[in-house]
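Model, not experiment: these values are computed from the prediction.
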Amino acid sequence: MPTDDRATWQLHALAVSHPQYEELVVRSLGNTKSFEIVRSRIKLLTLAETLQIPTPGTVPLRSLKEAARYANSWSYPTLVKRDGTSGGRGVAVVRTPKELLDAYHELGRNASVLVSLKRRLIDGDCLAFLRPSSLPPQEISLQSFVAGTPANAMYSCFKGKLLATLQVRTVCAQHTTGAALIVERINDPRIEDAGRKLAQTLSLSGFFGLDFLVENGSGCPYLLEMNPRATQLGHLPLENPGDGGSLAEAVWLAWTGSVAPQPPTYAAPAKLPQRVAFYPQALVLGQNNSLLTSAWLDRPDEEPDLVRELSHMGWPERRLLYRLFHQFYSVPPDEPVVFLDSKSDANVC
């Protein structure tokens with residue numbers, strides 16, 4: 001069960017390079033014919049349109065000439081995106097033709113040998129030089145801007161059948177296009193239906209996530225992209241105990257043909273929280289932040305060793321070379337961003 005994109009691409013490559021593992025990869029991720037689609041934002045959104053899933057207008061930028069043509073005709077603000085990125089990296093919000101062309105140049109650059117060397121030696125990234133055959137095409141696309149609130153969902157499925165889903169809207173994020181720090185549960189049948197259609201059409205197994213923007217006014221969820229792996233929602237308890245205690249348990253029940261235990265094995269709060277602050281990421285807001293105190297902090301107190309590990313610095317920061325490097329080349333942290341809706345009384349982080 002991969003939990004990051006690069007692990008997913010490696011499993012895709014493994015199914016081809018080592019046929020003896022293909023059956024295992026298919027059992028875990030789904031039909032190999034779907035891999036090319038889930039690796040490409042353009043192909044996925046094109047498929048979604050045929051399934052009548054709302055998507056913002058998205059076009060590929062295959063050359064500088066094409067980017068220049070759209071720069072003079074596209075409406076602003078808009079988004080320039082590069083495939084094969086995650087966590088909000090590889091996304092630029094642009095407001096003028098010049099900014100669009102600058103973003104195209106910036107996102108079109110491949111990591112230099114020096115950058116890869118820094119990632120390997122300083123960051124300790126053992127995959128810094130990895131270029132698997134299944135690496136997504138480095139497509140750059142132009143996507144229409146939708147004014148609204150980010151939302152996302154994680155789904156569990158088996159052989160194309162949707163088993164369970166967990167949906168949230170973002171309350172506070174690391175930055176405008178970054179990962180969520182605090183989320184609020186939602187239950188939109190259209191978001192569930194989008195996952196069901198894609199799981200069935202692509203014959204997916206395991207886990208995947210979908211990112212949406214819920215448009216202001218209409219409330220329509222526009223599909224932005226797929227994460228073909230488990231996402232940061234995977235550990236949260238499900239509202240329907242019949243699906244199992246968690247998304248992982250739902251997959252396990254499907255694999256084994258078992259019946260969900262009563263009560264579910266997941267150690268959840270007596271009353272499922274509507275607003276969740278991710279531990280330890282949300283602590284960046286400060287202990288007295290009104291948003292943080294209004295949410296359930298998902299600290300796994302029943303596993304003290306895990307809490308202790310999570311309270312330490314991240315793996316790169318534990319390296320002496322990393323700390324020395326960033327003493328001289330520090331980058332100011334992004335300011336967290338709050339997304340308000342008509343029901344929210346949130347303050348700016």
For residues Phe35 and Val25, determine if any side-chain heavy atom of one lies less than 4.5 Å from a side-chain heavy atom of the other. yes
Centre of Trp255's six-membered ring, under 6.0 Å away, within 45 degrees of the axis: is that where NZ or CZ of Arg27 sits? yes
Tell me whether Thr201 contacts the main-chain N or O of Leu198 through its side chain, where contact means a donor paired with an acceptor under 3.5 Å. no
Answer yes or no: does atom CD of Gln232 have more than 12 heavy-atom neighbours from other residues, nucleotides or ligands under 6.0 Å? yes
Count the heavy atoms of every other residue, nucleotide or ligand shown that sit under 6.0 Å from OH of Tyr76, and state whether that count exceeds 12. yes
Examine the side chains of Arg275 and Ser294 and answer whether a donor and an acceptor come within less than 3.5 Å of each other. yes
Arg229 pairs by side chain to side chain donor-acceptor pair (under 3.5 Å) with which of Asp5, Thr3, Thr8? Asp5
Can you see whether Glu215 engages Ser218 through a side-chain donor-acceptor pair at a distance of less than 3.5 angstrom? yes
Can you give me the closest heavy-atom contact between Leu233 and Met154, atom names plus distance? CD1-N, 3.9 Å
Start with the C-alpha distance between Asp211 and Leu223, add both sets of side-chain angles, then the distance that settles side chain to side chain contact (heavy atoms under 4.5 Å, CB included), and finish with yes or no. CA-CA 6 Å; Asp211 290 345; Leu223 175 63; 6.0 Å; no
Could you tell me whether the side chain of Val307 reaches within less than 4.5 Å of the side chain of Pro300, counting heavy atoms only? yes
Is Val183 close to Val171 at the side-chain level, that is, under 4.5 Å between some pair of heavy atoms? no
Do Glu192 and Leu162 have side-chain heavy atoms sitting under 4.5 Å apart? yes
Could you tell me which non-hydrogen atom of Val251 sits nearest to which non-hydrogen atom of Phe207, and how far apart they are? CG2-CE2, 3.5 Å
I'd like to know if the side chain of His175 and the backbone of Gly178 have a donor-acceptor N/O pair within less than 3.5 Å. yes
In this structure, are over 12 heavy atoms from other groups packed under 6.0 Å from Asn72 atom CG? yes
Taking all atoms of both residues into account, what is the closest heavy-atom pair of Gly195 and Phe208, and its distance? O-CZ, 3.5 Å
If the plane angle is over 60° it's perpendicular, under 30° parallel, otherwise tilted; pick one for His326 and Tyr322. tilted
Which heavy atom in Trp9 sits nearest to a heavy atom in Val38, and how many Å separate them? CH2-O, 4.4 Å
Report yes if the side chains of Thr32 and Val26 come closer than 4.5 Å at any heavy-atom pair, otherwise no. yes
Note: Ser116 and Phe129 closest approach over all heavy atoms is CB-CE2, 3.6 Å
Has Glu23 got more than 12 heavy atoms of other residues, nucleotides or ligands less than 6.0 Å from its CD? no
With a 6.0 Å cut-off (strictly less than), is the heavy-atom count around CD of Gln52, excluding the residue itself, greater than 12? no
Whether Glu66 side chain and Arg62 backbone form a donor-acceptor pair below 3.5 Å: yes
To check you understand the geometry: which heavy-atom pair defines the closest contact between Glu139 and Arg41, and what is its length? OE1-N, 4.3 Å
